[in-house]
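Here's the structure we're looking at; comments come further down.
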Amino acid sequence: FPLSCPTIKVHISRRLTPSPFGRPSKNQRRGDQRSKAVPSSQKMSRRYDSRTTIFSPEGRLYQVEYAMEAIGNAGSAIGILSKDGVVLIGEKKVTSKLLQTSTSSEKMYKIDDHVACAVAGIMSDANILINTARVQAQRYTFMYQEPMPVEQLVQSLCDTKQGYTQFGGLRPFGVSFLFAGWDKNHGFQLYMSDPSGNYGGWKAAAVGANNQAAQSILKQDYKDDATREEAVELALKVLSKTMDSTSLTSEKLELAEVFLTPSGSVKYHVHSPDSLTKLLVKHGVTQPAAESS
Amino acid sequence: MSIFEYNGSAVVAMVGKNCFAIASDRRLGVQLQTIATDFQRISKIHDRVFIALSGLATDVQTLYQRLVFRHKLYQLREERDMKPETFASLVSAILYEKRFGPYLCQPVIAGLGEDDKPFICTMDSIGAKELAKDFVVSGTASESLYGACEAMYKPDMEAEELFETISQALLSSVDRDCLSGWGGHVYVVTPTEIKERILKGRMD
């Protein structure tokens with residue numbers, strides 16, 4: 001087929017045939033995603049929306065940004081690093097009486113004995129990535145007979161995520177993670193990663209709905225030498241201020257901590273609903289959020 | 001000399017009353033030379049399942065590491081520990097995957113299942129499971145072990161008596177096998193505790 005044919009021509013011809021699934025075209029062979037049928041009145045940048053594998057003229061990857069939009073609508077999660085542990089807290093969006101609450105959780109997942117994560121975004125995408133992370137951690141342990149360093153695990157997962165922004169023609173994962181873990185080289189660590197595959201180490205971070213508000217409150221109130229209890233208190237306060245819902249009960253939250261037991265092994269502990277209710281009462285955040293700014 | 005007899009090993013597991021015992025020798029040799037006298041053949045998968053591997057030492061270690069890999073993923077996904085019967089099926093499947101280039105070891109699996117019922121089984125190097133109600137043996141000293149266990153075993157022994165029986169059976173059998181010995185390593189597991197003991201035997 002004519003390789004000299006400029007791509008723009010192919011796009012124009014697609015716009016004239018408004019079938020939502022597009023025609024099977026030569027581009028199929030390259031495994032690219034079909035572009036959506038868009039009316040010609042839309043702005044120029046729409047042309048670059050549908051393909052993850054190309055930059056827009058402004059140098060942006062729209063699919064990645066749209067993925068981050070999806071996360072901005074999902075339940076928030078906050079992570080706070082303290083000197084004797086890492087605290088992860090998540091807001092549950094799916095709360096219905098009909099929901100069968102077994103031991104499995106919606107926001108917090110264990111990746112290995114020494115690493116756990118909180119999730120914000122599309123849950124089905126998260127499940128795939130969590131499984132990938134678990135297998136990567138075990139592969140490392142099988143090879144080196146020691147637990148995978150936290151940063152390496154995060155990096156390895158982010159490399160997977162990055163692959164979906166550069167080749168294959170598949171959409172990025174619509175998930176942001178907060179990884180909390182401990183290793184013998186760097187102690188307790190907290191990392192945040194997003195759909196682009198970028199990650200960073202943080203002292204306190206927020207993902208999901210209202211994350212900018214949460215991040216700015218954290219910036220003001222975070223103290224470097226906080227203990228785990230103080231970190232839990234800060235996390236509950238920040239979440240109560242930024243959550244949209246009118247009342248804060250233990251059914252809407254999940255709280256987990258990563259810390260060292262006296263014997264020196266890493267423990268990942270998810271609080272039970274009763275324990276959470278006691279904490280909410282203790283820190284005085286069970287009141288409806290309407291009264292806080 | 002067969003490759004299964006290269007390093008030398010003796011492993012036995014016995015069923016008691018709501019408990020089980022699993023024991024192995026401690027010698028690691030290279031044919032007739034003894035290299036180590038503290039070789040770990042019995043490994044814990046979780047608090048209620050143990051596996052002991054006899055045969056070629058490198059495969060003993062690698063197979064164990066692969067099983068830990070699979071069990072950890074199982075634990076993370078199912079949020080519970082593996083039952084011993086399930087674990088035995090997993091080991092059998094992993095061994096059969098290498099049907100035409102096998103791991104040169106024979107596992108002995110022992111665990112406490114539902115309702116604290118003890119479970120033991122052994123299999124050959126390509127995964128043929130053999131369940132038993134009383135005892136299972138494996139390794140270079142297996143023939144002596146069969147005889148000793150058959151003579152000394154009785155059903156429904158309590159933990160202390162089970163320990164004595166399995167230790168006597170192990171030590172007397174390895175004394176007749178030049179490739180295994182140098183003491184014993186015995187785990188007696190009840191629903192409430194795991195007791196690990198080292199036996200002093202003939203140091204030859």
Side-chain angles (χ1 to χ4, degrees), chain A residues 88 100-119 123-124 126-150 153 156-157 160 177 179-181 183 254 256 258 261 263 265-272, chain B residues 28 36 38-53 56-83 86-87 89-98 101-105 107 114 192-196:
Chain A
L88 289 173
Q100 173 88 303
T101 47
S102 51
T103 47
S104 54
S105 70
E106 187 191 308
K107 305 282 300 179
M108 312 284 171
Y109 295 91
K110 190 170 164 191
I111 305 290
D112 196 356
D113 292 328
H114 63 298
V115 183
C117 70
V119 166
M123 287 316 302
S124 46
N127 281 332
I128 303 286
L129 284 170
I130 285 163
N131 193 49
T132 309
R134 285 172 172 169
V135 175
Q136 282 165 353
Q138 287 312 307
R139 269 205 211 115
Y140 183 98
T141 302
F142 177 73
M143 179 92 79
Y144 299 104
Q145 290 298 300
E146 55 175 44
M148 190 170 192
V150 189
L153 177 62
S156 160
L157 195 69
T160 308
F177 285 103
F179 288 98
D183 60 40
E254 268 179 41
V258 178
T261 59
S263 59
S265 58
V266 189
K267 185 137 164 48
Y268 161 71
H269 171 65
V270 183
H271 282 254
S272 64
Chain B
L28 174 72
D38 57 358
F39 188 65
Q40 179 92 301
R41 281 199 175 83
I42 305 178
S43 315
K44 185 170 89 154
I45 297 293
H46 62 78
D47 282 338
R48 290 160 71 96
V49 170
F50 282 72
I51 181 166
L53 294 150
L56 196 63
T58 178
D59 285 350
V60 163
Q61 288 174 335
T62 304
L63 185 62
Y64 169 63
Q65 288 162 10
R66 277 198 68 188
L67 292 168
V68 165
F69 183 112
R70 298 291 297 261
H71 178 254
K72 274 226 175 119
L73 284 174
Y74 183 99
Q75 249 182 342
L76 284 166
R77 287 177 189 146
E78 305 223 2
E79 292 176 15
R80 64 186 177 91
D81 287 331
M82 241 194 229
K83 288 202 287 251
T86 318
F87 182 69
S89 299
L90 173 68
V91 178
S92 174
I94 287 181
L95 289 172
Y96 196 83
E97 267 170 28
K98 302 263 188 237
Y103 287 110
L104 299 161
C105 39
E114 307 264 291
T192 47
E193 64 168 355
I194 301 169
K195 256 216 173 102
E196 179 188 344

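Reminder, nothing fancy here: chain letters follow the sequence lines and each chain counts from 1.
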task: Measure the spacing between NZ of A:Lys110 and CD of B:Gln75 and express it to the nearest 0.5 Å.
output: 6.5 Å

- request: Working to the nearest 0.5 Å, report the span between CZ of A:Phe142 and OG1 of B:Thr62.
  value: 6.0 Å

message: Do B:Gln65 and A:Thr141 make a side-chain contact, defined as non-hydrogen atoms from C-beta onward lying under 4.5 Å apart?
response: no

- line: Heavy atoms of B:Val68 and A:Gln138 approach each other most closely as O-OE1, 4.3 Å

Interchain contact, A:Ile111 with chain B, by part (heavy-atom threshold 4.5 Å): backbone

field: Closest approach of B:Arg77 to A:Val135 (non-hydrogen atoms, all atoms of both residues)
entry: NH2-CG2, 3.7 Å

- request: Of all the heavy-atom pairs spanning A:Arg139 and B:Phe69, show the shortest one and how long it is.
  value: N-CE1, 3.2 Å

field: A:Glu146 atom CD: more than 12 heavy-atom contacts under 6.0 Å
entry: yes

field: Residue part contacting chain A, namely of B:Arg80, when any heavy atom lies under 4.5 Å
entry: neither

message: Working to the nearest 0.5 angstrom, can you tell me the gap between B:Leu76 CG and A:Asp112 CG?
response: 6.5 Å

